[in-house]
Chemist: 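First the structure, then my questions, so here it is.
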Amino acid sequence: MSTNTTAPLATIASLSAYEGQVVTLRGWLYNLRSSGKLLFPTFRDGSGTIQGIVPKAAVPEDVFETLKSLTLESSLVVTGLVRADSRAPSGFELDVHDVTITQRIPDDTPYPIQLKEAGVDFLMEHRHLWIRTPRQSAILRVRATIMRAAAEYFDTHDFTRTDPPILTPNACEGTSELFEMDYFGDDKAYLTQSGQLYIEATALALGKVYSFGPTFRAEKSKTRRHLTEFWMIEPEVTYLDLDGLMDLAEGFLTHIVTRVLESHRNELKVIGKDISKLEAIIAPGHFPRLSYDEAHQMLLDAHAKGLIEHPHTYGDDFGSPDETYISNQFDKPVMVHRYPAAVKAFYMQPDPNDPTKALCVDVLAPEGYGEIIGGSQRVDSYDLLKSRIEAHNLPMDAFQWYLDLRKYGSVPHSGFGMGIERCVAWICGLEHVRETIPFARTLNRIYP
RNA sequence: UCCUGAGUAGCUCAAUGGCAGAGCAUUCGGCUGUUAACCGAAGGGUUGUAGGUUCGAGUCCUACCUCAGGAGCCA
């Protein structure tokens with residue numbers, strides 16, 4: 001065996017450009033079938049998979065013997081002729097000429113992940129290997145595009161990225177459970193649950209800003225929608241009202257879905273997502289906007305028809321079954337606005353037409369994926385904000401700097417936050433957010 | 001925190017209270033067009049842990065551990 005140095009290096013995803021040429025691929029043995037004196041090794045290289053063909057009579061004996069006994073997921077460099085074949089799923093096969101093994105996995109420690117089905121617990125314990133499978137790789141590629149498209153939307157709309165601290169001295173909203181840590185003895189520090197308060201400050205400095213980074217929630221939530229560590233992208237804009245905020249969210253989500261459809265139809269097919277559901281998102285027409293009162297009425301009607309189990313109580317937040325019902329009435333994400341102030345955060349501006357309501361919006365993803373965006377217009381009055389902080393029993397001294405923003409040149413401003421993982425789960429059509437991030441952190445799992 | 005469910009071979013799962021099983025993976029053998037290939041053979045077990053009931057427990061009872069799904073809360 002000798003590496004053919006004259007053959008050009010290629011990736012499996014780009015093989016259609018090399019039809020009829022001899023190329024070199026660098027990757028791993030994904031699967032191996034054989035039929036007597038004919039081997040069918042399937043290779044993967046991170047960009048895709050392709051089946052090789054190795055007739056015993058057509059290659060040197062050591063090449064045939066090496067591949068015949070090679071263990072799955074051993075790493076290798078393979079050289080061969082790219083040939084179109086109607087029997088191949090991708091349309092191409094590789095007539096293997098030569099192979100060099102980079103590392104052979106020993107027989108007594110076989111690769112643990114099989115091509116057949118496996119349980120969630122086992123796969124999560126082997127997440128560092130699970131991500132090698134085509135489906136998981138495809139999801140991570142879509143995730144990368146979603147993150148790039150999200151940042152790109154703000155970067156190309158005159159936003160400045162201003163990332164807030166991850167270590168904070170207090171709770172942002174004063175409600176969620178936070179991860180607490182010692183900060184040099186006398187002080188406690190907490191992992192951020194939102195950068196919002198900080199980007200309100202940078203917005204008042206720079207006008208249109210966004211942040212993009214990890215956030216942490218220590219709540220003992222154990223559902224398919226929850227991670228203890230997740231990524232959030234948050235825009236904050238001065239002189240923006242609630243209607244303008246909803247326009248921003250709509251343009252933002254439309255851009256993300258457009259980018260995914262532009263470059264990931266193959267990945268979506270591997271994942272099994274119904275692409276027509278995404279095409280409906282970017283079809284002409286606006287996202288539906290529904291007031292809390294209208295959504296409440298919709299739920300009462302649904303209960304009267306027996307479509308949902310429990311009647312919604314006016315004044316309460318919507319539960320998961322409620323959100324699922326509402327989102328299922330529309331093909332596009334639905335924006336529910338003006339919730340009762342009592343069930344929302346202290347920093348939300350009251351509706352001047354009905355002070356019991358907050359100028360806020362939740363964007364519910366289609367197909368029951370729940371809330372992917374939450375946002376609001378912020379309180380801009382010093383006195384009102386101060387009384388809200390008092391009413392919520394939040395430590396006033398920790399919020400002095402936040403109050404300063406209302407003391408020195410306060411302006412109306414609005415912003416929202418989108419959880420990347422819920423967005424990826426929705427766009428890919430996944431059962432659980434744990435597959436949307438390379439290494440999920442959940443209530444019962446911090447390994448690997 | 002509450003409710004529900006599951007722990008048996010490396011993996012996925014069977015097994016009326018009565019001999020611990022299969023498929024896949026691994027090893028060996030066969031097959032020149034296989035697509036999670038197929039055919040034959042071999043090796044592989046403290047049935048999550050600790051007690052209890054019983055002539056006899058993977059199976060029934062108690063406690064605990066681990067994981068999963070849901071509720072609440074959230075993105």
Chemist: Just N and O in the side chain of A:Arg225: are any of them under 4.0 Å from OP1 or OP2 of B:G69?
Modeler: no
Chemist: Give A:Gly119 one of three labels, base, sugar-phosphate or nothing, depending on what nucleic acid heavy atoms sit under 4.0 Å from its own.
Modeler: sugar-phosphate
Chemist: Mind checking the P distance from B:G72 to B:C39? Whole angstroms is fine.
Modeler: 49 Å
Chemist: Taking a pair as Watson-Crick or G-U wobble with both distances under 3.5 Å, which nucleotide is matched to B:G45?
Modeler: none
Chemist: Residues of residues 438-448 of chain A with any non-hydrogen atom less than 4.0 angstrom from an atom of RNA chain B: list those, numerically ordered, please.
Modeler: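 RNA chain B contact set from residues 438-448 of chain A: A:Asn444, A:Arg445.
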Chemist: Which base, if any, makes a Watson-Crick or G-U wobble pair with B:G51, both distances under 3.5 Å?
Modeler: B:C61
Chemist: Is A:Arg135 touching bases, backbone alone, or none of the nucleic acid, heavy atoms closer than 4.0 Å?
Modeler: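 It contacts nothing in the nucleic acid.
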Chemist: Across nucleotides 39-48 of chain B, 5' to 3', mark each nucleotide with B, S or - according to how protein heavy atoms within less than 4.0 Å reach it.
Modeler: ----------
Chemist: What's the spacing between A:Leu299 CG and A:Glu323 CD if we round to 0.5 Å?
Modeler: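 A:Leu299 atom CG to A:Glu323 atom CD measures 10.0 Å (nearest 0.5 Å).
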Chemist: Decide yes or no, distance alone: a donor-acceptor N/O pair under 3.5 angstrom between the base of B:C73 and the side-chain of A:Ser221.
Modeler: yes
Chemist: Test your reading of the model: is there a side-chain donor-acceptor pair from A:Tyr111 to the backbone of A:Leu129, 3.5 Å cut-off?
Modeler: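 Flag set: sc A:Tyr111 to bb A:Leu129 pair under 3.5 Å.
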Chemist: With no hydrogens and no angle check, just 3.5 Å: does a side-chain donor-acceptor pair link A:Ser376 and A:Arg378?
Modeler: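 Yes - a donor-acceptor pair under 3.5 Å links their side chains.
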Chemist: Tell which nucleotide pairs with B:A75, taking only Watson-Crick or G-U wobble pairs whose two distances are both under 3.5 angstrom.
Modeler: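 Checking every strand shown, B:A75 finds no partner, since no pair has both distances under 3.5 Å.
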Chemist: May I ask you to say what A:Gln51 touches in the nucleic acid, namely base, sugar-phosphate or nothing, with a heavy-atom cut-off under 4.0 Å?
Modeler: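 Base contact.
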Chemist: Say we look at B:A9 and B:U46: how far apart would their P atoms be, to the nearest angstrom?
Modeler: 9 Å
Chemist: B:C3 and B:U59: how far apart are their P atoms, nearest whole angstrom?
Modeler: 24 Å
Chemist: Please check this pair: side chain of A:Glu250 against backbone of A:Phe287, looking for a donor-acceptor N/O pair closer than 3.5 Å.
Modeler: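 Looks like yes, one N/O pair under 3.5 Å.
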Chemist: Please state how far atom CG in A:Asp322 lies from atom P in B:A71, giving the value in whole angstrom units.
Modeler: 11 Å
Chemist: Considering every strand shown, what is the Watson-Crick or G-U wobble mate of B:C19 when both distances are under 3.5 Å?
Modeler: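 With both distances under 3.5 Å required, B:C19 matches none.
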Chemist: Restricting to nitrogen or oxygen on both sides, can you table the protein-nucleotides 24-26 of chain B pairs closer than 3.5 Å?
Modeler:
unit_1, atom_1, unit_2, atom_2, d
B:C24, O2', A:Gln114, OE1, 2.9
B:C24, O2, A:Gln114, OE1, 3.3
B:C24, O2, A:Gln114, NE2, 3.4

Chemist: Confirm from the modelled atom types if A:Arg33 and B:C31 form a donor-acceptor pair under 3.5 Å, side chain to base only.
Modeler: no
Chemist: Could you tell me whether A:Ile373 contacts a base, only the sugar-phosphate backbone, or nothing, with contacts defined as non-hydrogen atoms closer than 4.0 Å?
Modeler: sugar-phosphate
Chemist: Within the structure shown, what part of the strands sits under 4.0 Å from A:Lys56 by heavy-atom distance: base, sugar-phosphate, or nothing?
Modeler: nothing
Chemist: Can you see if the side chain of A:His432 gets near the phosphate of B:G69 - specifically, an N or O under 4.0 Å from OP1 or OP2?
Modeler: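 Affirmative; the distance criterion is met.
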Chemist: Return the OH to CG distance between A:Tyr30 and A:Leu72, rounded to the nearest 0.5 Å.
Modeler: 10.0 Å
Chemist: Please give, in whole Å, the distance from B:A71 P to A:His310 NE2?
Modeler: 11 Å
Chemist: Tell me which nucleotide among B:C11, B:G70, B:G33 gets nearest to the side chain of A:Arg224.
Modeler: B:G70
Chemist: Ignoring hydrogens and geometry, is there a side-chain-to-backbone donor-acceptor pair from A:Thr215 to A:Phe230 under 3.5 Å?
Modeler: yes
Chemist: For the C1' atoms, the ones on B:C61 and on B:U53, what distance do you get once it is rounded to whole angstrom?
Modeler: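 Going atom to atom, C1' in each nucleotide, I get 7 Å.
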Chemist: Tell me which of A:Asp317 and A:Ser34 sits closer to the 5' end of RNA chain B, going by the nucleotide each one is nearest to.
Modeler: A:Ser34
Chemist: Over all strands shown, is A:Glu93 touching base, sugar-phosphate only, or nothing at heavy-atom distances under 4.0 angstrom?
Modeler: base
Chemist: B:G33 base stacked by A:Phe40? Criteria: ring centres under 5.5 Å, plane angle under 30°.
Modeler: no
Chemist: What's the CG-P distance between A:Leu32 and B:U27, to the nearest Å?
Modeler: 10 Å
Chemist: Between B:U35 and B:A42, how far apart are the P atoms? Round to whole Å, please.
Modeler: 25 Å
Chemist: Got a sec: does the NE2 of A:His128 have more than 12 other heavy atoms crowding it under 6.0 Å?
Modeler: yes
Chemist: Using the P atom in both, what is the distance from B:C28 to B:U16, to the nearest Å?
Modeler: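 The answer is 37 Å between these two P atoms.
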Chemist: Give a yes or no on whether the backbone of A:Val82 and the side-chain of A:Gln21 come within a donor-acceptor separation of less than 3.5 Å.
Modeler: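 The answer is no, because no donor-acceptor pair under 3.5 Å joins these two groups.
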Chemist: Is a side-chain donor or acceptor of A:Arg422 paired with a backbone partner of A:Glu371 at a separation under 3.5 angstrom?
Modeler: yes
Chemist: Rounded to whole angstrom, note down the C1' distance from B:G48 over to B:G58.
Modeler: 12 Å
Chemist: Name the pairing partner of B:C38, where a pair is Watson-Crick or G-U wobble with both distances under 3.5 Å, or state none.
Modeler: B:G30
Chemist: Let me know the distance between NZ of A:Lys220 and C1' of B:G72, rounded to the nearest Å.
Modeler: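 Distance check: A:Lys220 NZ to B:G72 C1' gives 14 Å.
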Chemist: Can you say whether the rings of A:Phe346 and A:His392 are parallel (under 30°), tilted (30 to 60°) or perpendicular (over 60°)?
Modeler: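 Tilted, since the angle between the ring planes falls between 30° and 60°.
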Chemist: Is it the case that the side chain of A:Arg388 and the backbone of A:Tyr347 share a donor-acceptor pair, with hydrogens and angles ignored and the cut-off at 3.5 Å?
Modeler: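 No.
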Chemist: Rounding to an integer number of angstrom, what distance separates B:A63 and B:A75 when you compare their P atoms?
Modeler: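 So the two P atoms sit 38 Å from each other.
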Chemist: Atom CD of A:Glu125 and atom P of B:G7: how far apart are they, to the nearest Å?
Modeler: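 Checked: the CD to P distance equals 18 Å.
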Chemist: Would you find a donor on one side and an acceptor on the other, under 3.5 Å apart, between the side chain of A:Ser69 and the backbone of A:Glu65?
Modeler: yes
Chemist: Round to a whole Å and report the spacing from CG of A:Leu227 to C1' of B:C73.
Modeler: 15 Å
Chemist: Taking A:Tyr153's backbone N and O only, do any of them form a donor-acceptor pair with A:His157's side chain (distance below 3.5 Å, no angle check)?
Modeler: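 Side chain of A:His157 to backbone of A:Tyr153, a donor-acceptor pair under 3.5 Å: yes, one is there.
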Chemist: Check the orientation of A:His312 and A:Tyr292. Use parallel for under 30°, tilted for 30 to 60°, and perpendicular for over 60°.
Modeler: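 The arrangement is perpendicular - the two ring planes meet at more than 60°.
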Chemist: Just wondering, are more than 12 heavy atoms of other shown residues or ligands nearer than 6.0 Å to CG in A:Asp241?
Modeler: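 Counting neighbours around CG of A:Asp241, more than 12 heavy atoms of other residues, nucleotides or ligands fall under 6.0 Å, so yes.
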Chemist: Once you apply a heavy-atom cut-off of 4.0 Å, does A:Thr215 come out as touching a base, just sugar-phosphate, or nothing?
Modeler: nothing
Chemist: Should B:C2 form a Watson-Crick or G-U wobble pair with both distances under 3.5 Å, which nucleotide is its partner?
Modeler: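 Base-paired to B:G70.
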